[in-house]
Amino acid sequence: MSIYMIVGLGNYPEQYRNTKHNVGFMVIDKLCQSLSLELTNHKFNGYFVKVAVETQQFIIAKPYTYMNLSGDFVKDICQFYQIPPQNILVIHDDADSNIGTIRVRSSGSSGGQNGIKDIINKLNTDNFNRVKIGIGRSNNRNISLADYVLTPFGNIEKSVINQVIGKAVELLIDFMNGASVQDLMNHYNITVK
């Protein structure tokens, strides 16, 4: 039986709950709601649930850390359950893509995303799958990227991001039902308007 991990990235302290940096957590929360699951296991400095889909096992997870320490959780859980990097799918925010954009990738650099950077460093490979959710950048030059990612979505942005989260959940359910990463790229590399 093959085992896979779907992990959403974010910052766990409550004050960050609705910020742009936490869109990976938002997708995992919506996925769990859709599948009537709860992240009831607390281990490796994170929360997760194991679920079987036909002959596959999936661990759906959120690190209980700050974003830039996400790699510790991913490495520990992968070592314990013997999950190879190519069976990992990470959902995270992407400041280099506009709000409304979903991009699926099978490997590559961090693109400056600190959670991905830490996972690459801790796993010693960039050979894992990602779902990048566009959050854009601020038009205000006085707001740093570090500050921008910790702001909540505005009202207009929220309606778009809610649609994106819905599409990301569809993508994850397709992945759990056997869709290949290439299939996901072909179908879900989209921009919601």
Side-chain angles (χ1 to χ4, degrees), residues 1-12 21-32 34-35 37 39-94 97 102-133 165 167-189:
M1 181 177 278
S2 297
I3 187 159
Y4 296 83
M5 180 164 66
I6 297 170
V7 57
L9 301 188
N11 286 306
Y12 229 100
H21 224 15
N22 273 30
V23 74
F25 279 5
M26 294 174 195
V27 171
I28 292 294
D29 291 343
K30 194 70 172 175
L31 175 66
C32 288
S34 297
L35 299 177
L37 298 172
L39 305 181
T40 50
N41 297 303
H42 183 200
K43 202 173 182 181
F44 313 111
N45 212 9
Y47 286 94
F48 64 97
V49 63
K50 279 177 71 177
V51 60
V53 179
E54 296 185 11
T55 61
Q56 316 291 351
Q57 287 247 325
F58 290 87
I59 291 174
I60 300 169
K62 297 194 296 191
Y64 190 67
T65 62
Y66 287 104
M67 175 71 77
N68 61 353
L69 299 174
S70 301
D72 292 327
F73 171 76
V74 172
K75 178 184 174 189
D76 289 349
I77 206 166
C78 286
Q79 284 181 337
F80 186 83
Y81 288 106
Q82 297 184 309
I83 303 169
Q86 63 271 19
N87 285 9
I88 301 169
L89 183 61
V90 182
I91 305 100
H92 66 91
D93 62 291
D94 177 24
S97 298
I102 301 175
R103 292 288 176 265
V104 181
R105 292 187 65 196
S106 58
S107 63
S109 74
S110 68
Q113 211 284 353
N114 287 331
I116 296 294
K117 190 183 298 182
D118 195 53
I119 294 170
I120 290 170
N121 288 340
K122 299 293 168 45
L123 296 182
N124 205 26
T125 182
D126 68 359
N127 185 30
F128 56 88
N129 306 296
R130 304 103 194 256
V131 177
K132 300 164 65 166
I133 308 289
I165 289 169
K167 282 289 179 194
V169 168
E170 288 176 28
L171 178 162
L172 295 177
I173 289 171
D174 282 356
F175 178 69
M176 293 173 75
N177 285 317
S180 70
V181 172
Q182 188 61 55
D183 289 340
L184 299 179
M185 287 182 193
N186 293 342
H187 191 72
Y188 289 102
N189 279 359

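Sequence positions, counted from 1, serve as the residue numbers for this chain.
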Criterion side-chain contact (heavy atoms from CB on, under 4.5 Å) on Val51 and Leu35, from CA distance to verdict: CA-CA 10 Å; Val51 60; Leu35 299 177; 5.8 Å; no

Set of side-chain contact (heavy atoms from CB on, under 4.5 Å) partners for Asn124, sequence neighbours left out: none

Minimum-distance pair of heavy atoms, taken over all atoms of Ser106 and Val181: CB-CG1, 4.1 Å

Distance (rounded to the nearest 0.5 Å) between Ile91 CD1 and Ile165 CD1: 11.0 Å

- request: Could you tell me the separation between the CD atom of Gln57 and the OG1 atom of Thr55, rounded to the nearest 0.5 Å?
  value: 10.0 Å

message: Under the criterion side-chain contact (heavy atoms from CB on, under 4.5 Å), I'd like the reasoning laid out for Leu89 against Val131: C-alpha separation, chi angles, the key distance, then a yes or no.
response: CA-CA 7 Å; Leu89 183 61; Val131 177; 3.7 Å; yes

Where Met176 and Ile6 come nearest, the two heavy atoms and their spacing: CG-CD1, 3.7 Å

message: So, taking the atom named CG in Leu184 and the one named CD in Glu170, what distance separates them when rounded to the nearest 0.5 Å?
response: 11.5 Å

- prompt: What pair of heavy atoms forms the shortest contact from Leu39 to Cys32, and how long is it?
  reply: CD2-SG, 3.7 Å

- request: Determine the minimum heavy-atom distance between Val169 and Ser34, stating which atoms define it.
  value: CG1-OG, 3.7 Å

Under the side-chain contact (heavy atoms from CB on, under 4.5 Å) test, residues paired with Asn189 that sit two or more places apart: Arg103, Val104, Met185

- request: Please step through side-chain contact (heavy atoms from CB on, under 4.5 Å) for the pair Arg130 and Asp94, ending with a clear verdict.
  value: CA-CA 11 Å; Arg130 304 103 194 256; Asp94 177 24; over 6 Å; no

query: What pairs with Ser180 under side chain to side chain donor-acceptor pair (under 3.5 Å), at least two apart in sequence or on another chain?
result: Asp183

Donor-acceptor pairs are to be reported for all side-chain atoms of residues 58-81 against protein atoms at under 3.5 Å, with residues two or more places apart or in another chain.
residue	atom	partner	partner atom	Å
Lys62	NZ	Asp29	OD1	2.6
Ser70	OG	Met67	O	2.6
Asp72	OD1	Lys122	NZ	2.9

Check against side-chain contact (heavy atoms from CB on, under 4.5 Å), Ile119 and Ile88: CA-CA 11 Å; Ile119 294 170; Ile88 301 169; 5.8 Å; no

- prompt: Side-chain donor-acceptor pair under 3.5 Å between Asp93 and Gln113, yes or no?
  reply: yes

task: Kindly write out the residues that satisfy side chain to side chain donor-acceptor pair (under 3.5 Å) with Asp126, not counting sequence neighbours, or none if the list is empty.
output: none

field: Under the side-chain contact (heavy atoms from CB on, under 4.5 Å) test, residues paired with Asn41 that sit two or more places apart
entry: Phe48

field: Main-chain N/O of Asn114 paired with Asp118 side-chain donor or acceptor, under 3.5 Å
entry: no

message: Using 0.5 Å steps for rounding, measure from the CG atom of Asn11 to the CZ atom of Phe25.
response: 7.0 Å

query: Rounded to the nearest 0.5 Å, how far does CD1 of Ile3 lie from CD of Gln56?
result: 10.0 Å

Asn45: side chain to side chain donor-acceptor pair (under 3.5 Å) partners, not counting sequence neighbours: none

- prompt: CG/Asp174 to OH/Tyr188 distance, rounded to the nearest 0.5 angstrom?
  reply: 3.5 Å

statement: Across all chains, not counting sequence neighbours, the side chain to side chain donor-acceptor pair (under 3.5 Å) partners of His92 are none

task: Check side-chain contact (heavy atoms from CB on, under 4.5 Å) between Asn127 and all other residues, then give those that pass, not counting sequence neighbours.
output: Gln86, Ser107, Thr125

